[in-house]
S.K.: 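A single structure is presented below for examination.
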Amino acid sequence: MSIYDTLNARQKEAVLQINGPVLILAGAGSGKTRVLTHRIAYMIEKEGVNPWNILAITFTNKAAGEMRERVDDIVGFGSESIWVSTFHSTCVRILRRYADRIGYDNSFTIYDTDDSKNIIKEVCKRLQVDTKLYKERSLMSAISSAKDELISPTEFELNTIGDFGKRKIAEVYREYQKTLKKNNAMDFDDLIVKTVELFKSCPDVLNSYQERFKYIMVDEYQDTNTAQFELVRLLASKYRNLCVVGDDDQSIYKFRGANINNILDFEKVFPEAKVIKLEQNYRSTQNILSAANNVIRNNMERKEKALWTEKGEGDQIHFRQFDTAYEEAEFIASDIGKKKRNGLADYKDCAVLYRTNAQSRLLEERFIMEGIPYDVVGGVNFYSRKEIKDILAYLKTIDNGKDDLAVKRIINVPRRGIGAATINKVQDYADENGISFYDALRRKEEIASLGRSGVKLDPFVTMIQAFRAKMEYFSLEELVNDVIETTGYVKELKESDDEDADDRINNIDEFVSKVVAYEESHEEASLSEFLEEVALVADIDGVDSDNNKVLLMTLHSAKGLEFPFVYLAGMEDGIFPSYMTITSDDPTAIEEERRLAYVGITRAKEDLTLTCARMRMIRGETQYNMVSRFVKEIPEKLLDNSLPVVKKKDKDEFVYADGSAEKNRFQAVPFKTTGGFSGFGQTAPGSSSFGAGKGSFGKNSFGSGFGAGTNTGSSFGAGNTFGSGSNFGRSAKKEETEAAPFTGYSYGAGSYGRPRAVVKPKRTAEENKPFIARGLSSLDGVQGLQKGMGNSPTGLDYKEGDRVRHLKYGEGTVSAIVEGPRDYQVTVQFDSVGQKIMYAAFAKLKKI
DNA sequence: CGTACTAGTCTTTTT
DNA sequence: GACTAGTACG
């Protein structure tokens with residue numbers, strides 16, 4: 001019995017087909033990694049393929065690492081010469097050898113998003129582009145999309161005839177590329193684009209890699225963009241032994257250029273391709289799979305397939321709707337806690353998935369309270385944190401002084417009294433002489449304009465030169481510690497009263513540990529190599545499954561992972577599917593969201609829980625959301641029937657076990673100020689959104705007139721806010737002109753569902769009056785709110801002399817409440833931090 | 001040159 | 001609510 005006998009018929013077929021183009025359509029959990037690793041083993045063992053000739057490409061380092069590990073396990077001898085890596089690091093490796101062939105120095109630096117943004121800013125200033133009109137963000141994404149499609153600045157320009165806006169973008173694109181090149185730098189997209197460029201302009205280089213990579217495999221093929229596809233196509237064009245594995249139903253990266261046609265049209269580009277479908281799922285129970293199938297079948301743009309499993313039905317899928325997001329978080333935390341206590345699950349068996357990173361905060365707070373260990377994947381990338389970037393900038397400067405951005409970043413960190421004026425003078429000199437910024441620093445004596453202020457530069461240059469000298473005999477760890485020590489970086493943090501100084505110091509400690517780990521795993525660890533590896537790390541890469549912790553992450557980050565217990569939080573229209581996609585003109589936008597839902601559901605092996613909240617705070621404003629359409633796409637019989645369920649008669653209306661219905665939700669939303677969510681320093685929703693706004697009244701509410709109802713909780717008490725009036729008028733007007741985006745909120749108008757028919761609520765003359773002018777009688781629907789807010793004359797639920805609690809400052813006594821122009825100014829004597837004066841709306845004070 | 005405050009933006013997702 | 005860039009002031 002060989003290892004290949006454990007494969008099913010389809011899998012075996014995929015493993016044995018090693019010659020020619022192969023498209024493996026691998027459904028979620030169908031064992032594609034297994035197929036890939038066995039396929040590699042088969043090539044080497046049975047077909048005598050030289051491991052040296054095999055290339056396997058993935059998207060993340062984590063995936064590459066896992067594949068490497070599994071290949072090592074089954075291949076044994078020779079596996080180390082198989083090239084397993086990500087698109088980006090593959091390209092870096094190639095470019096490190098040949099970048100000089102296309103006009104770069106082989107020691108080019110890699111810019112991250114932050115760096116790119118700085119360059120864009122610089123370019124805009126130089127070209128006098130108004131960044132109010134052309135946002136850096138949108139410029140960046142326009143340039144990035146162009147690169148994803150392999151459109152050069154010149155080509156871009158050709159397509160801008162008659163379009164002034166586009167011409168501007170073209171200009172910026174051209175100048176941006178020029179600047180990158182001048183700095184000998186490439187951004188993420190360039191790594192792919194420049195490699196393609198290299199292959200196209202240097203046939204000898206291409207040929208050498210074609211000879212090297214006779215067998216190519218690409219994982220997560222549905223996520224490739226045009227540039228990546230072209231790269232693979234070029235490499236494979238000689239021997240045509242290209243095997244791509246993917247699942248069009250899991251294509252969720254359109255926003256960063258993934259071209260779903262790469263997988264849908266594979267057979268057009270490679271007509272002789274063999275197509276193999278893997279439809280047997282080994283991961284999930286039948287119920288979970290059925291739910292996933294029922295959701296994804298609503299998409300039009302897909303290859304038909306049907307996942308099946310031999311596993312039993314399993315538990316029903318749990319669904320729970322809560323009044324608030326606090327209660328949702330509370331439930332998830334306590335449910336996991338319960339499972340752990342009952343021995344049903346370990347922490348590491350559980351994952352909580354959500355649509356947006358911001359949703360993690362509430363969950364985290366609750367997890368801390370319940371004492372449940374967790375890890376959050378994503379958010380701000382570890383290596384993008386300020387303190388880490390600072391240390392890295394030092395290391396980059398030491399490694400090679402060519403990275404001007406890095407040098408400028410740290411020249412005055414910690415403070416050395418070197419300001420913008422000095423920096424500009426040095427930069428001018430560098431530009432005039434065509435040298436790098438750091439080289440100009442070293443020749444500062446020659447810079448006449450510097451004058452006396454130049455003295456301040458000396459210690460910096462001396463320090464860097466000293467580091468460089470030490471680098472010769474220091475280990476990486478010693479060097480990093482020396483940098484931290486000599487610069488006084490941590491010392492400064494310790495002395496600062498910065499609230500998150502401790503976090504920053506911890507991060508730096510963690511960074512040192514990472515350096516040590518790197519040195520341990522790399523025989524001759526060089527600074528350059530370390531910096532390079534660090535530049536290409538994704539968040540998910542750092543996830544360590546050995547830790548017994550619950551994992552919190554976005555649905556995107558969860559792709560490729562599996563867990564026995566999965567919670568999908570925030571299953572609400574407006575959150576997931578996101579507001580953007582619901583209101584989008586592009587009907588395929590919602591399909592991408594649905595694929596995301598499919599990915600989420602299929603992460604679960606045994607137990608899936610869907611949760612949502614009627615009300616949650618988004619960006620400081622309270623939103624009321626309906627249950628996600630994706631939940632409604634799951635057949636009722638698959639859902640836990642002890643919970644509120646949809647009545648089939650009318651699918652536009654949710655009717656719950658307690659008889660309450662969705663359409664009455666304005667009254668139905670119970671505004672409890674006690675109970676569930678009040679326990680945490682967080683205030684109850686009514687008061688936390690008190691005055692939310694510099695009058696953002698109705699901004700995010702759906703359909704003006706009624707929107708008033710939704711946001712009243714926030715705006716009513718803020719009578720003073722209305723005093724200003726202007727904002728109210730503005731946002732209300734906006735609502736009218738832009739129409740109510742959420743068809744779901746059309747109050748029983750029955751248009752829930754497809755985002756086409758937008759029902760615009762009609763406003764009466766009375767409703768058109770500013771809210772406050774209508775008098776309290778029109779607040780009938782929201783009386784609960786007033787009570788909930790403890791509607792005293794000030795609208796605050798505390799008064800002078802009361803003891804209150806603040807989220808950050810702890811407990812204290814209110815010594816004064818003064819009516820300010822906008823809001824009440826509250827003065828509190830805190831027990832630990834002394835007196836603070838703050839605005840009531842933002843202070844989040846809670847009476848004790 | 002550095003700080004402290006203000007106004008504006010944002011959030012959908014990230015290699 | 002959080003963050004950031006820009007500005008005014010010391």
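Order of the sequence lines sets the chain letters (A, B, ...), proteins ahead of strands, with each chain counted from 1. Note that the structure is predicted; figures quoted are calculated from it, not measured.
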S.K.: I need the OH-P distance between Y253(A) and dT12(B), as an integer number of Å.
M.R.: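 Going from OH in Y253(A) over to P in dT12(B) covers 16 Å.
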
S.K.: Check if the side chain of R256(A) and the base of dT15(B) share a donor-acceptor pair of N or O atoms closer than 3.5 Å.
M.R.: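 Side chain to base: no pair below 3.5 Å.
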
S.K.: Check the geometry between F255(A) and dT14(B) and answer yes if their rings are stacked (centres below 5.5 Å, planes below 30°), otherwise no.
M.R.: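 Stack criterion not met.
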
S.K.: Can you tell which of dT15(B), dA5(C), dT13(B) lies closest to the side chain of F59(A)?
M.R.: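 Comparing dT15(B), dA5(C), dT13(B) against the side chain of F59(A), the answer is dT15(B).
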
S.K.: For dT9(B), take OP1 and OP2 only and decide whether either is under 4.0 Å from a side-chain N or O of K132(A).
M.R.: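 False: K132(A) side-chain N/O out of range (4.0 Å or more) of dT9(B) OP1/OP2.
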
S.K.: Measuring only the C1' atom in each nucleotide, how far is dG6(C) from dT11(B)? A whole number of Å is fine.
M.R.: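 Taking atom C1' in both dG6(C) and dT11(B), they lie 22 Å apart.
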
S.K.: In whole Å, what separates the C1' atom of dA5(C) from that of dT12(B)?
M.R.: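 Each nucleotide's C1' atom is 23 Å from the other's.
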
S.K.: So what does T422(A) hit on the nucleic acid, given a heavy-atom distance under 4.0 Å: a base, only sugar-phosphate, or nothing?
M.R.: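 It contacts sugar-phosphate atoms only.
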
S.K.: R619(A) has a side chain; which of dT15(B), dG2(B), dC10(B) sits nearest to it?
M.R.: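 Among the listed nucleotides, the one closest to the side chain of R619(A) is dC10(B).
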
S.K.: In terms of the nearest nucleotide of DNA chain B, which residue is placed more toward the 5' end: K135(A) or Q228(A)?
M.R.: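 Taking each residue's closest nucleotide, the earlier one in sequence belongs to K135(A).
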
S.K.: From dG1(C), dT13(B), dT15(B), pick the nucleotide closest to the side chain of R355(A)?
M.R.: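 Taking heavy atoms from C-beta onward, the closest nucleotide is dT13(B).
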
S.K.: For R594(A), is there an ion pair with D249(A) - N to carboxylate O distance below 4.0 angstrom?
M.R.: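 A salt bridge is absent here (no side-chain N lies under 4.0 Å from a carboxylate O).
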
S.K.: Assess the side chains of K254(A) and T588(A): does a donor N or O sit below 3.5 Å from an acceptor N or O?
M.R.: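 Short answer, yes.
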
S.K.: Return the value, rounded to whole Å, for the distance between atom CD1 of I252(A) and atom C1' of dT15(B).
M.R.: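 It is 12 Å, rounded to the nearest whole Å.
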
S.K.: Describe the nucleic acid contact of N412(A) in one word from base, sugar-phosphate, nothing, applying a heavy-atom distance below 4.0 Å.
M.R.: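 The answer is sugar-phosphate, as N412(A) gets under 4.0 Å only of primed atoms, P, OP1 or OP2.
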
S.K.: Strictly below 4.0 Å: does S557(A) bring a side-chain N or O up to OP1 or OP2 of dT14(B)?
M.R.: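 For dT14(B), OP1/OP2 do have a side-chain N/O of S557(A) under 4.0 Å.
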
S.K.: Hey, what are the protein-to-nucleotides 7-10 of chain C N/O distances that come in under 3.5 Å?
M.R.:
none

S.K.: Can you name the residues that form a ring pair (Phe, Tyr, Trp, His ring centres under 6.0 Å) with F108(A), not counting sequence neighbours?
M.R.: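 None.
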
S.K.: Within the pair T581(A) and dT12(B), is there a side-chain N or O less than 4.0 Å away from OP1 or OP2?
M.R.: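 No, outside the criterion.
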
S.K.: Measure from NE2 on H556(A) to P on dT12(B) and round the result to the nearest Å.
M.R.: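 Those two atoms, NE2 and P, are 12 Å apart.
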
S.K.: Taking the six-membered ring where the residue is Trp, are the ring centres of H556(A) and F255(A) under 6.0 Å apart?
M.R.: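 Centroid distance H556(A)-F255(A): below 6.0 Å, so yes.
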
S.K.: Just to confirm, is there a sub-4.0 Å distance from OP1 or OP2 of dT14(B) to any side-chain nitrogen or oxygen of N357(A)?
M.R.: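 Affirmative; the distance criterion is met.
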
S.K.: Counting only side-chain heavy atoms from C-beta out, which of dT15(B), dT11(B), dT9(B) sits nearest to R137(A)?
M.R.: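 Of dT15(B), dT11(B), dT9(B), dT11(B) is nearest to the side chain of R137(A).
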
S.K.: From dT15(B), dG2(B), dT13(B), pick the nucleotide closest to the side chain of T60(A)?
M.R.: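 Closest of the options to the side chain of T60(A): dT15(B).
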
S.K.: Using whole Å, report how far NE2 of H88(A) lies from C1' of dT15(B).
M.R.: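 Going from H88(A) (NE2) to dT15(B) (C1'), I get 5 Å.
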
S.K.: Using a 4.0 Å heavy-atom cut-off across all strands, classify E593(A) as base, sugar-phosphate, or nothing.
M.R.: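 Base: the residue E593(A), judged by heavy atoms under 4.0 Å, touches a nucleobase.
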
S.K.: State which residues pass salt bridge (Lys or Arg N to Asp or Glu O under 4.0 Å) with D112(A); sequence neighbours excluded, sorted by chain then number.
M.R.: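 D112(A) satisfies salt bridge (Lys or Arg N to Asp or Glu O under 4.0 Å) with K389(A) only.
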
S.K.: Would you say dT13(B) has OP1 or OP2 under 4.0 Å from some side-chain N or O of S578(A)?
M.R.: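 Looking at the OP1 and OP2 atoms of dT13(B), neither is under 4.0 Å from any side-chain N or O of S578(A).
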
S.K.: Quickly work out the E621(A) CD to dT9(B) C1' distance and round it to whole Å.
M.R.: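 Distance, rounded to whole Å: 13 Å.
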
S.K.: Counting only side-chain heavy atoms from C-beta out, which of dT14(B), dC1(B), dT15(B) sits nearest to A421(A)?
M.R.: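 Looking only at side-chain atoms, A421(A) lies closest to dC1(B).
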
